[in-house]
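Let me begin by presenting the structure, written as structure tokens, before commenting on it.
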Amino acid sequence: MPGSVKLRSVKKFGQENDSYEFSDEGKLRPIYGPFKYYAQSIKAIFTLLDMFYCQFALQFRFASCREICMMIFGSICAIIHGSAQPLMLLVFGMLTDTFIEYDIELNELTDPEKVCVNNTIQWRNLTEEENLALNMTRSCGLLDIEYEMTNFAYYYVGIGAGVFILGYLQISLWITAAARQIQIIRKMYFRKVMRMEIGWFDCTSVGELNTRMSDDINKINDAIADQVGIFIQRFTTFVCGFLMGFAKGWKLTLVIVSVSPLIGVGAGLMALFVAKLTGMELQAYAKAGAVADEVLSSVRTVAAFGGEKKEVERYDHNLVSAQRWGIRKGLIMGFFTGYMWFIIFLCYALAFWYGSSLVVDTQEYSPGTLLQVFFGVLIAALSLGQASPCLEAFAAGRGAATIIFETIERKPEIDCLSEAGYKLNKVKGDLEFHNITFHYPSRPEVKILDQLNLQVKSGETTAFVGPSGAGKSTAVQLIQRFYDPKEGMVTLDGHDIRGLNIQWLRSLIGIVEQEPVLFATSIAENIRYGRPGVSNDDIITAAKEANAYNFIMDLPQKFDTLVGEGGGQMSGGQKQRIAIARALVRNPRILLLDMATSALDNESEAVVQEALDKVRMGRTTISIAHRLSTIKNADVIVGFEHGRAVERGKHEELLDRKGVYFTLVTLQSQGDKALNQKARQAASSDPDAERKSLNRAGSYRASLRSSVHQRSRSQLSNVVHELSGKVRSGLPDDDSDEVEPAPVARILKYNAPEWPYMLFGSFGAAVNGGVNPVYALLFSQILATFSMPDPVEQRREINGICLFFVVVGLVSFFTQLLQGYAFSKSGELLTRRLRCLGFQAMLGQEIAWFDDHRNSPGALTTRLATDASQVQGATGSQIGMIVNSLTNIGVAIIISFYFSWKLTLVILCFLPFLALSGGFQAKMLTGFAKQDKEAMEAAGQISGEALNNIRTIAGLGKERNFVEMFEAQLEAPYQAALKKANVYGACYGFAQCVVFMANSASYRFGGYLVYREGLHFSFVFRVISAIVTSGTALGRASSYTPDYAKAKISAARFFQLLDHIPKISVYSDEGDKWDNFKGDIEFIDCKFTYPSRPDIQVLNGLSVSVRPGQTLAFVGSSGCGKSTSVQLLERFYDPNNGRVLIDGRESTRVNVAFLRSKIGIVSQEPILFDCSIAENIRYGDNQRHLSMDDVIAAAKKAQLHDFVMSLPEKYDTNVGSQGSQLSRGQKQRIAIARAIIRDPKILLLDEATSALDTESEKTVQDALDKAREGRTCIVIAHRLSTIQNSDIIAVMSRGYVIEKGTHDYLMSLKGAYYKLVTTGAPIS
């Protein structure tokens, strides 16, 4: 491409055709907290309505006309439904008056002097006129109690039937409307996510996106579905209840309302205190959590210095204050719950006392009116309380909606589905990079490409080589336009690729990666992904070109064979060849090979390489490789370093220049030579060994590359995703889902020391349980007084009952307090005990356990925090709830059977229905989450596969296909939601109407018993209200079962941890210990793979020995096993084959704590703990108490003392988290002092000076030289100057020593060490 570059631009970027238009929302108001009590003024109500309107505006933006009509009609049903309960009170009031009227008539006629004449009660021995004069006008014989009760029963049935229909319509309409809107939101969200540029995915983890797709959209669903209807219904009940109170009796209503501020204040204060105390408790626990996190993050340091017991004590010390706050919280909650119950009973007493004076003394109200007013206000208050959870759902929904809608409205920087841009008629395939500077969006501070200038000519094969992180893969990604450079441009045949149509540009490019991604479908379909509408013949041709045809035809189902999730059913070589066929079927002009053969063993590599060489002909090809054998015959080789192309030429030219390429070739050929020699030796003894050994070499190379492979992709989620795939093959999968719930007996065993607290708590709970049925007794007794003939007797009786209400309130206050305190005390002590045991068990595990991604420090700290506190759900306050509910039900049933067993049996027939309806309602409130999740799984699988492999999909231009597949899968959950709308509607209607039906039957039968069997009417009310309250207790008890189940699962996870026996136990006393420890070390043919990466052989037969007092230095490239050998010596791991001998004894037979106490370690990035300098130095020896003199002596040896004395707080200076307050050199010297204070026989220096500048390095090096005197020492270093005077230098490559000897001896060999020293190349 001589001369200048012509750039032809197209329309502006971002001018894409968006398929949807969105209205701009104004600024949204903050959401107000849930209202617990109606006492918090009318202002709150208007605020609610205002907020409700805002919710409406934001969350219903995708509702069409049809949905809006459904929602309006659903709301009307909810409003009428909401007025049903106050309407029932009208009937209830009339019913009560009828019973009292009838009872008064009976009482009058019990007097033998009175008789019923002409439907009027008269004195027997007086004339009609005299009776009139005495005002004897009370009617009699007119009231047919059975007939009246039948009428009331019909009223109840009528209201019940209405409620059933309204409840059904209200719920089903709202849910249907929501399902249709959610369907639209899901489609639009996925469509938009699939349009986003790759840089956006780097900054957004796939896990987070999957959560948004499922949980967040479900939250929006909860906020716009049945909850809205239920909120409207309860709010209407609240309004109607109050209206009834004021209409029927404003005086009594005002009296009741005047007391409510006391309840409001109590609730407010309780919320305030609990929030504050919870804050304090969390803060206190955060300190303990920080300790746990710090310790678990630096578990290797803790293990190396034997600090396990010390750390458990430090953690426990921090738990004490959290426990103290938790107990205070329990006490405060007990106090305020007691206070609220006390006020409520006082309120009952006041209402009945004042109400009865209005009935008896001034006769303004009838007894029925008194009940209508009292219960009207009570129901209003309760309904407002029940409406508040809906507000939480709205708030959560709005939070979720904001994030989801933000994404839907975001304009992608590189829109892959855009139609804009050029399509060139003829493509030659010349690529050029002009002055490109680039940072990944996820790490803007790291410059990846630095003014890169580079030409790739059409039809040539250009190879990119260079160390990891030099920018080779990044350059390839810029060609695919996964990113746009910040400065400079990439051109294709002279056109800036930003001006070309993306889908068209990507259709020109075929890419084969190191780890190709296959989709979970057949081989033929996977190849067809390369180009839509391709014929079977083309697929077969492509497979033949990729050397894949023969192995495919050997499979039973040939091209229809399923490859499994991520291609899991295929070997590496097979996957690679299918990927090549997929790239070839596109017939690409440009072929990108990114380490296409690095993950293969030699045999597969040869086959795949042959396929690649065949297909490169006549195409512009860019090949990235670390294996130089694969790129020797490229037309041009470009050497990359630090984001620039530093050299360019053919193989021989570059070897003469002795630059980047030369260094790589030298290192690799030495390693290959040694490995092949080793393989030949092994082959003579084991015919299979050669193949195994070479396989390992291949997998080793994969590790070289894995770091850069994960670099720019959305870091965490993908790494975890990949790891989990690998890990599962090597580790038993004990994921939390498969735990069997723990037996309660075992949980209680851990709580056994607290039995006195639990006993007192249970006593308090039992008394509290008895309070509700006692309320039913007193309530019916008050009604009974209204029919008493003697006014004085009546007044005395009423006063007595009101006083009794106060007494019950007082008892309730004290027992709630007792229950709250006792159970919080036992629960907090259990939590602390479990956390401590859990932490101790974690620190006792072998290091390999921490390598499993499920046991990352974050996951473990979370487990300590949540699991331990959730276990309380099976003991402590949970026991209180169960005892409370059981005594409530027991006392209620005893009272009921005592007063009328017949009526009790009739009502008990309805209990199963009431319980069922309670179950339905609980299910309603927990929402449809579970069924939705199941229905969404297929769609979730597609979205998960799409998001995890977004680069492959973008490279193939298959975004549209995935969008279509996803949308097709949404149909099933949508249909399920519509079906569920009807089922849930019916269940909800049934749950609401059962109460009316139960009342209808029980009052009708009560009327029968009163009339036929002379049962006193107050007993009817007594039995009915006792059983209804016990029913609610049953409901309350069942609402705690989720906590209980959670607790058993958490406990099981915890016990799993406690029962896990580590392979290398620190706490065990077994194993050899001896006095004259010398420090003689020998590695004999050690082979090792990390348990978390069983497919990568790290040590490949390491044999090397070092005598007491000698220094052994390891040199070699990253990943060759230097640090691993040190970890075997520390017994962080044991070798898979071979032995490590210490003083002639096998390391696996030596006591772990004893062995580690003889070793001191200083690593490249030493980990310090967040405490003082002196404490950090003392950490070196946790077996004995160290005086300040010991600390100062060690500091002097480490050249640290003078620097510490210059600090204001000297040795008490805090080093900050991870030693952040200190420079690297200072940290390093503290680490050396820490190692010296143990007086170790063996000193391990793992790149102890590599991270320092020259001045610090000199100081630290002096300190190290001093520390080495008289000790066996193993040094790992990259700077060769630091190890020249070692007794033995061992050069490692691929887990094996290729040369060893003194510096002079190795120089005379003129082998790998000589090349390293003479080229001065750093060993990367």
Starting from the C-alpha separation in whole Å, work towards a yes-or-no answer on side-chain contact (heavy atoms from CB on, under 4.5 Å) for Phe394 and Arg398. CA-CA 6 Å; Phe394 298 155; Arg398 190 166 82 189; over 6 Å; no

For side-chain contact (heavy atoms from CB on, under 4.5 Å), just list the numbers for Leu382 and Arg234, CA-CA rounded to whole Å, side-chain angles, deciding distance to a tenth of an Å, and then say yes or no. CA-CA 9 Å; Leu382 285 174; Arg234 288 183 176 156; over 6 Å; no

Would Gln183 and Glu971 satisfy side-chain contact (heavy atoms from CB on, under 4.5 Å), going step by step from the backbone distance to the final call? CA-CA 8 Å; Gln183 172 86 327; Glu971 198 47 42; 3.7 Å; yes

Could you give me the CA-CA distance, side-chain angles and deciding distance for Arg186 and Tyr189, then say whether side-chain contact (heavy atoms from CB on, under 4.5 Å) is met? CA-CA 5 Å; Arg186 278 210 166 99; Tyr189 184 69; 5.9 Å; no

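In plain terms, the two heavy atoms of Ile159 and Phe996 that are nearest each other are CG2-CE2, 3.5 Å. Nearest approach of Ile220 to Ala401, heavy atoms of both residues: CD1-CA, 3.5 Å. Summarising the geometry of Asn221 relative to Ala178, their closest heavy-atom pair is OD1-CB, 3.6 Å, with the distance given to 0.1 Å. Pairing each heavy atom of Cys77 with each of Leu169, the nearest pair is SG-CB, 3.7 Å. Across Lys219 and Ala400, no two heavy atoms sit closer than the pair CB-CB, 4.0 Å. Heavy-atom minimum distance, Ala977 versus Ile175: O-CG2, 4.1 Å.
If you check the side chains of Gln233 and Gln170, you find a donor sitting under 3.5 Å from an acceptor.
Counting non-hydrogen atoms of other residues, nucleotides and ligands closer than 6.0 Å to OH of Tyr974 gives a total above 12. Counting non-hydrogen atoms of neighbouring residues, nucleotides and ligands closer than 6.0 angstrom, the CD atom of Gln283 reaches no more than 12 such neighbours. Annotation: Arg66, atom CZ; neighbour count of heavy atoms from other residues, nucleotides and ligands within 6.0 Å does not exceed 12. The number of heavy atoms from other shown groups lying within 6.0 Å of CE (Met196) is above 12.
Within the 4.5 Å cutoff, the side chain of Ile224 has heavy atoms near those of the Ile182 side chain. Using a 4.5 Å heavy-atom cutoff, the side chains of Phe231 and Gln227 are not in contact. Counting heavy atoms from C-beta on, the side chains of Leu269 and Ile332 never come closer than 4.5 Å. No side-chain heavy atom of Ile230 sits less than 4.5 Å from a side-chain heavy atom of Trp174. Using a 4.5 Å cut-off on side-chain heavy atoms (C-beta onward), Met194 and Ile950 make contact.
With hydrogens and angles ignored, the 3.5 Å screen pairs a side-chain donor or acceptor of Thr237 with a backbone N or O of Gly82. Using modelled atom types, no side-chain atom of Gln969 and backbone atom of Met965 make a donor-acceptor pair closer than 3.5 Å. Between the side chain of Glu197 and the backbone N or O of Glu413 there is at least one donor-acceptor pair closer than 3.5 Å.
Ring geometry, Phe238 versus Phe235: the interplanar angle falls from 30° to 60°, so the pair is classed tilted.
Note: Tyr168 OH to Cys993 SG = 14.5 Å, rounded to the nearest 0.5 Å. In this structure, the separation between NE2 on His81 and CG on Leu87 is 11.5 Å, given to the nearest 0.5 Å. Atom OG1 of Thr407 sits about 9.0 Å away from atom NZ of Lys192, to the nearest 0.5 Å. How far CD1 of Ile165 is from CD1 of Ile80: 11.5 Å, rounded to the nearest 0.5 Å. Remark: Arg180 CZ to Thr176 OG1 distance equals 8.5 Å, nearest 0.5 Å. Taking CD1 from Ile953 and CZ from Phe962, the interatomic distance works out to 4.0 Å, rounded to the nearest 0.5 Å.
Just one residue in the list Glu959, Glu964, Glu967 forms a salt bridge (charged side-chain N to carboxylate O under 4.0 Å, His left out) with Arg191, and that residue is Glu967.
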